[in-house]
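Down below is the structure, laid out as structure tokens.
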Number of protein chains: 2
Amino acid sequence: MAITIKDIANKAGISAASVSRILTNRGRFSEETAHRVRELANEMGYFKNQSAADLSQKSSRVVGVLVPITHTNFADEIIKGMQSKAYELGYELLIAFVETTNQQQIKTVKSLLSRQLLAVVMLAIDIDDTVLAVLKSADVKLLSVSNQLNNDIPSISSDNYAMMHTIVDYLYDHGHRQMALIGSSDPDPIVAILRRRGFIDALTDHGISYNPDFIWGVDMTYQTGLDAIKKFGLPLPFTAVIGSADIISIGLLNGALDAGISVPSNLSIVTVDGTELTQLTRPILTATQQNFAKMGELAISNIANESLSSHSVTFTDITLIPAGTVTTIV
Amino acid sequence: MAITIKDIANKAGISAASVSRILTNRGRFSEETAHRVRELANEMGYFKNQSAADLSQKSSRVVGVLVPITHTNFADEIIKGMQSKAYELGYELLIAFVETTNQQQIKTVKSLLSRQLLAVVMLAIDIDDTVLAVLKSADVKLLSVSNQLNNDIPSISSDNYAMMHTIVDYLYDHGHRQMALIGSSDPDPIVAILRRRGFIDALTDHGISYNPDFIWGVDMTYQTGLDAIKKFGLPLPFTAVIGSADIISIGLLNGALDAGISVPSNLSIVTVDGTELTQLTRPILTATQQNFAKMGELAISNIANESLSSHSVTFTDITLIPAGTVTTIV
DNA sequence: AATAAGTGCGTAAACGTTTACTCAAATTAT
DNA sequence: ATAATTTGAGTAAACGTTTACGCACTTATT
């Protein structure tokens, strides 16, 4: 029923090939006919059948994006960045939300891959080996953003190791000597390992021997933040705590408030991510910020740029934004 | 480069048509060859070329979803519902984030439409007439979820009018007589109109003459919530305020706290939406909850079900969840 | 004026899958 | 044992677009 280039060709009295050349702006054609064709296309309400186009040109300009459905809200920023770059370069984004369950993941991924994709971007996602195997068996570029999976797969993420140094330095300068790190305790995400290592090394640099008990957490959720305060009990054995994600830090803050601990006078909190969520609490969370939008843009540029696409990139422009949850200890 | 059904057919010593029949589970074939083919497909790492399939079967099972990039976080719930139903019924979701700017919208919509879509779902989006015209010119079903656009387009949303009654009744029962409603003041979204009307009518039902000044707001943002408190100044001329979205209500709460107004003793707040955001504040927000996941599921069922797809549906199962931001006035 | 280069456009094949039509072989019914 | 039905699978066309190739015609070069 839909209008095709053949319909346009008939009406214009030329061949479909010419219409195609004009509409894709490839090959040779006169500006005169081009004008007529473009007008006709508009009038007749023509929409390119992208499936047919994809089939014809073997390579596609579609980038699949896997986003965790447990919405870590910095994902929006990254997607925004990706989308703006994608439009600039003429790529198309195909966004799919994936559950944490394996089965759903495989189904989603397979359905994604059945569009011939140029690349698949995994956004802050930990993917299990069976899903990864499926992805690898397909002929697409893989890229992990805001997470590192393993050395095989190029990634774009912040320098998590350096980030921890920045935070620990800041807290140290404010007199803190006992600090805890709350986040996922899974060994899986390399990000978590890097953060832990950065945390420990930073403490060591300041001559503080770290207490393994002070690194804790089940997952990257609000509940983990709440539970952390309960777990350590009163009086808290540390004066400052670092939340590995904004939502965790809000859990920490509320857990502290619920336990009658006043923030920051009795507990300092620094959060990683620094999304708008940090603005919603009272006091406002002191946070490190990463340039998420830029990470998204780079992801697409990286995919577009054949030569670069095999490297991993770590962003080092991390800034700490002082706000209301850190106090100075004398 | 990729494996096609022809490759499988060759290896199995049968025709491509047979492979297609087996893999799509249509038509006639023996379980014996089927088994062999399915194994081969797996071994060889076959992925269906969905573009080719779409081209061949004229109708598609792809539903496009337009999501506002200014992430109203209940959208996640709705998407979750849509996705689960979509998988159940064998549909595919194509999610696109749209900017608020017109130009971006048109570009995104056009690129969406170039996949032959079965339907386009607009998620809590206000769309301008030019974009709407583009959508209508394409041969797709349209459905608006969690928003109503105009009578042309079927929609699935909560009964916003009844919701306001529920809230006003609740506040009235708790002794409140002066109430304000903060949300978008745009006349555009019909939702906003319905809420305002529901608010006014509910007040009238209780014999309260409403004050037009007490309905205010610029848009559905955190800032509007913050600004509302500043605008009315101290002492606030009302004892209770209704935030038209969770993020607005958090703005109201923080605005109040920043102004030294204690909640709920000096100001009661009830919020509409009731997402997890309500749990993040102290005190926790008293909220009405809508069944967002069910709305998403219904959206897909509705699209699947030819006969129903022209009706609008309003959800009436709205519950008010008491929490920490409403006090009783004596 | 003869040749070379460039321009505009048509022809036809290709992309991978689906499906209506066949038809032979196997199975069942009479 | 013959006729009727069912079963499994092959053939070929179709979906809408792109693109290599070729041809006629125009413009530039000597």
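All values reported here derive from a predicted model rather than from experimental measurement. Side-chain atoms are counted along with the backbone in the values below, which use heavy atoms only and exclude waters and symmetry mates.
The phosphate of C:dT19 (OP1 or OP2) has a side-chain N or O of B:Gln57 nearer than 4.0 angstrom. Residue B:Arg28 has no polar side-chain atom (N or O) positioned under 4.0 Å from OP1 or OP2 of D:dA9. For A:Ser30 and C:dC9, the shortest distance from a side-chain N or O to OP1 or OP2 is below 4.0 Å. Between D:dA9 and B:Ser15, no contact under 4.0 Å exists linking OP1 or OP2 to a side-chain N or O.
Ring planes of B:Phe97 and A:Phe97: tilted class, angle from 30 to 60°.
Rounded to whole Å, atom P of C:dT19 lies 13 Å from atom CG of B:Asn25. At whole-Å resolution of the value, CD1 in A:Ile14 and C1' in C:dT11 are 14 Å apart. Atom pair A:Arg21:CZ and C:dT11:C1' shows a separation of 10 Å (rounding to whole Å applied). Rounded to an integer number of Å, the gap from A:Asp7 CG to D:dG16 C1' is 10 Å. One can place CZ of B:Arg115 at 16 Å from P of D:dG16, the figure rounded to the nearest angstrom. C:dG6 atom P lies 18 Å from atom CZ of A:Phe29, rounded to whole Å. One atom, CZ of B:Arg26, and another, C1' of C:dC21, lie 18 Å apart when rounded to the nearest Å. Protein atom CD of B:Gln116 is 16 Å distant from nucleotide atom P of C:dT17, rounded to whole Å.
Of the possible polar contacts, none joining the A:Ser158 side chain to the A:Asn160 backbone as a donor-acceptor pair under 3.5 Å is found.
At least one cation-pi condition fails for B:Arg21 and B:Phe29: the charged atom is not both under 6.0 angstrom from the six-membered ring centre and inside a 45 degree cone around its axis.
Between A:Thr33 and A:Ser30, the side chains place a donor N or O and an acceptor N or O closer than 3.5 Å (distance only, hydrogens not considered). A donor-acceptor pair shorter than 3.5 Å can be found between the side chains of A:Gln116 and B:Ser51.
Side-chain to base pairing of A:Ser56 with D:dT17: one donor and one acceptor N or O lie within less than 3.5 Å of each other.
Checked against B:Val313 for a side chain to side chain contact (heavy atoms under 4.5 Å, CB included), the options B:Leu298, B:Val145, B:Leu143 give a single hit: B:Leu298. For the pairing with A:Val120, the side chain to side chain contact (heavy atoms under 4.5 Å, CB included) check across A:Val109, A:Val65, A:Ile303, A:Leu135 returns one residue only, A:Leu135.
For the helix from C:dA1-D:dT30 to C:dT30-D:dA1, the axis fitted to the five pairs at one end and the axis fitted to the five pairs at the other end meet at an angle of 30° (nearest 10 degrees).
Contacts between residues 33-55 of chain A and DNA chain C, defined by a heavy-atom separation below 4.0 Å, involve A:Thr33, A:Leu55, listed by number.
Salt bridge B:Glu88/B:Lys85: present, at least one basic N to carboxylate O contact under 4.0 Å. With respect to A:Asp54 and A:Lys48, no salt bridge is recorded, no charged nitrogen being found less than 4.0 Å from a carboxylate O.
Between B:Ser18 and A:Ser18, the residue whose closest nucleotide on DNA chain D is further toward the 5' end is B:Ser18.
Atom CD1 of B:Ile106 is separated from atom CG of B:Leu113 by 11.0 Å, given to the nearest 0.5 angstrom.
Note on A:Ser20: a base of the nucleic acid sits closer than 4.0 angstrom, heavy atoms only.
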